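From a predicted model like this one, the values you see are computed outputs, not experimental measurements. Heavy atoms only: backbone and side chains are in, while hydrogens, waters and symmetry mates are out. Order of the sequence lines fixes the chain letters, A, B, ..., with proteins taken first and strands second; residue numbering starts at 1 for each chain.
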Amino acid sequence: MRLSRYFLPTLRENPAEAQIVSHRLMLRAGLVRQSAAGIYSWLPLGLKVLRNIEKIVREEQNRAGAIELLMPTIQSADLWRESGRYEAYGKEMLRITDRHEREMLFGPTNEELITAIVRDSIKTYRDLPRNLYHIQWKFRDEVRPRFGVMRGREFLMKDAYSFDIDKEGARRAYEKMFVAYLRTYARMGLKAIPMAADTGPIGGDMSHEFIILADTGESAVFCHKDLVDYDILGTEVDFDASLTPIIDRWTGLYAATDEKHDAARFDAEVPADKQIAARGIEVGHIFYFGTKYSKPMGAVVAGPNGESIELEMGSYGIGVSRLMGAIIEASHDDAGIVWPESVAPFKLGLVNLKAGDAAVDAASAKLYAALEAAGVETLYDDTDERAGAKFATMDLIGLPWQVHVGPRGVARGVAEIKNRKTGERTEVALDEVVARFAAA
RNA sequence: CGGGGCGUAGCUCAGCCUGGUAGAGCGCUUGCUUUGGGAGCAAGAAGUCGCAAGUUCGAAUCUUGUCGCCCCGACCA
């Protein structure tokens with residue numbers, strides 16, 4: 001993409017309304033614009049990142065055997081009356097009346113809808129288990145939206161719902177999602193730590209929040225230091241085999257949010273030098289909730305002996321839009337964002353340091369064409385800004401790699417490659433630049 | 001929902017207390033000079049001062065109401 005033809009409105013100064021770093025950088029780097037409290041437009045660069053995050057989430061859901069569908073944003077109130085949540089959900093639910101005076105709502109979550117779909121379509125235990133998910137916009141009318149997309153009212157969420165005929169099946173479904181979540185966050189360069197969460201009336205040990213350690217996190221968290229170094233991507237995972245050993249490893253060390261925190265147990269189980277007391281951002285939450293919805297909504301299947309079995313369910317959420325803020329919180333410096341390659345909007349930024357200079361223009365254009373041809377996603381800054389301004393913009397938007405093409409280098413047949421994360425710069429011959437990135 | 005703060009040019013803000021021709025920096029446009037880490041000079045465009053009512057000869061400024069946004073707390077299947 002040529003920057004001169006793109007839409008990338010960056011800001012030099014920090015907008016007054018943005019207090020935390022991810023919010024400031026998202027506005028400054030031209031990723032989003034606020035439209036109302038807790039409601040954002042996604043500008044081209046932000047949308048590319050959002051799609052990249054979605055892609056990783058989708059790939060890991062599919063790998064774990066979940067099946068994608070898409071449910072609407074607007075739902076009928078009647079459905080929510082079946083589960084009893086229409087009254088219970090309170091003012092966080094945005095209620096809408098259509099032209100026929102029918103009561104509708106903008107979905108804050110989809111347990112009712114997916115339960116109705118499965119109830120009406122699956123009649124026998126032979127068609128189970130199933131895990132269905134979608135990635136769709138939600139709306140929760142938060143009392144106090146804040147922190148940009150981290151706590152917006154409209155937000156993009158991946159929510160999966162598992163259906164099994166017994167609790168043992170539900171546990172397997174839960175464990176698959178648990179591992180899928182670990183892989184998902186790890187692929188985005190995040191250290192997400194599963195922490196025991198409140199299970200509500202169901203009880204048991206099957207509810208975890210996935211927390212990223214960050215100073216600006218909304219909740220206080222406590223955990224064993226070693227958890228931070230655990231690596232799931234180095235582990236071979238067979239989703240058809242038992243995942244219990246992996247779960248046991250990740251849940252074997254102390255980790256809890258402040259609601260579940262037990263100071264005495266923390267001190268007893270975790271040596272003082274291994275104790276972490278920090279703040280965290282919740283980027284996922286998984287639940288087992290049994291027949292909470294299937295029972296009131298009559299979601300049953302015929303069992304092997306013809307008996308009626310109420311479906312055992314779980315739900316599994318990842319805040320896709322929130323993840324963008326979380327990634328920035330976890331990966332930035334004074335100059336701007338530092339995108340992990342897996343979610344970066346472009347792999348590299350090609351900087352023409354002296355637009356208008358025939359030799360530099362020619363070398364840059366040639367390089368750009370070659371990079372595009374090689375399938376390397378490139379943002380080519382061909383504008384006539386000064387070099388300093390271009391560097392500042394590139395650092396701000398945080399592409400993993402920069403290639404600087406200027407008169408000094410071109411005269412010697414070289415370009416400078418800069419690693420955004422380390423700041424390291426190396427000179428590479430102009431005709432070797434493409435191979436350097438196409439191979440990686 | 002309790003408490004606090006802020007709405008003036010695209011952005012960051014001054015002016016308001018003490019009413020009297022609406023300002024600065026950045027950004028934007030044009031020209032010249034520049035050109036490897038957010039250039040310099042010159043000229044220029046750009047704001048019904050959130051909205052409404054009131055007080056007044058006169059309101060960005062005072063009063064009341066209202067809307068919006070931000071922060072702290074409570075809340076957050």
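- Residues forming a ring-ring contact (aromatic ring centres under 6.0 Å, His included) with A/Y86 (at least two apart in sequence, or on another chain): none.
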Nucleotides 70-73 of chain B: which of its N/O atoms have a protein N/O under 3.5 Å away?
unit_1: B/C70; atom_1: OP1; unit_2: A/Q34; atom_2: NE2; d: 3.0
unit_1: B/C72; atom_1: OP2; unit_2: A/R144; atom_2: NH1; d: 3.3
unit_1: B/C72; atom_1: OP2; unit_2: A/R144; atom_2: NH2; d: 2.7
unit_1: B/C72; atom_1: N4; unit_2: A/R144; atom_2: NE; d: 3.4

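- In terms of the side chain to side chain contact (heavy atoms under 4.5 Å, CB included) criterion, residue partners of A/R24 (sequence neighbours excluded) are, by chain and number, A/N14, A/A18, A/V21.
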Under 3.5 Å, which donor-acceptor pairs do the side chains of residues 319-328 of chain A form with other protein atoms, sequence neighbours left out?
unit_1: A/S321; atom_1: OG; unit_2: A/L156; atom_2: N; d: 2.9
unit_1: A/R322; atom_1: NE; unit_2: A/M150; atom_2: O; d: 2.8
unit_1: A/R322; atom_1: NH1; unit_2: A/E282; atom_2: O; d: 2.7
unit_1: A/R322; atom_1: NH2; unit_2: A/M150; atom_2: O; d: 3.1

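- Nucleotides of RNA chain B nearest to A/N14 and A/R425 differ in position, and the one nearer the 5' end is that of A/N14.
- Between A/E59 and A/R187 a salt bridge is recorded (basic side-chain N to carboxylate O distance below 4.0 Å).
- Within the nucleic acid shown, A/G356 has no heavy atom closer than 4.0 Å to any nucleic acid atom.
- Between A/E92 atom CD and B/C1 atom P there is a gap of 13 Å when expressed in whole angstrom units.
- Between the side chain of A/E416 and the base of B/G36, a donor-acceptor pair under 3.5 Å is found.
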Original post:
What is the per-nucleotide protein-contact pattern of nucleotides 38-44 of chain B, from the 5' end, where B denotes a base atom under 4.0 Å from a protein heavy atom, S denotes such proximity for sugar-phosphate atoms only, and - denotes neither?
Top reply: BB-----

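- One finds the CZ atom of A/R183 at 4.0 Å from the CD atom of A/E60 (value rounded to the nearest 0.5 Å).
- Residues forming a side chain to side chain contact (heavy atoms under 4.5 Å, CB included) with A/R265 (at least two apart in sequence, or on another chain): A/Y254, A/D262, A/E269.
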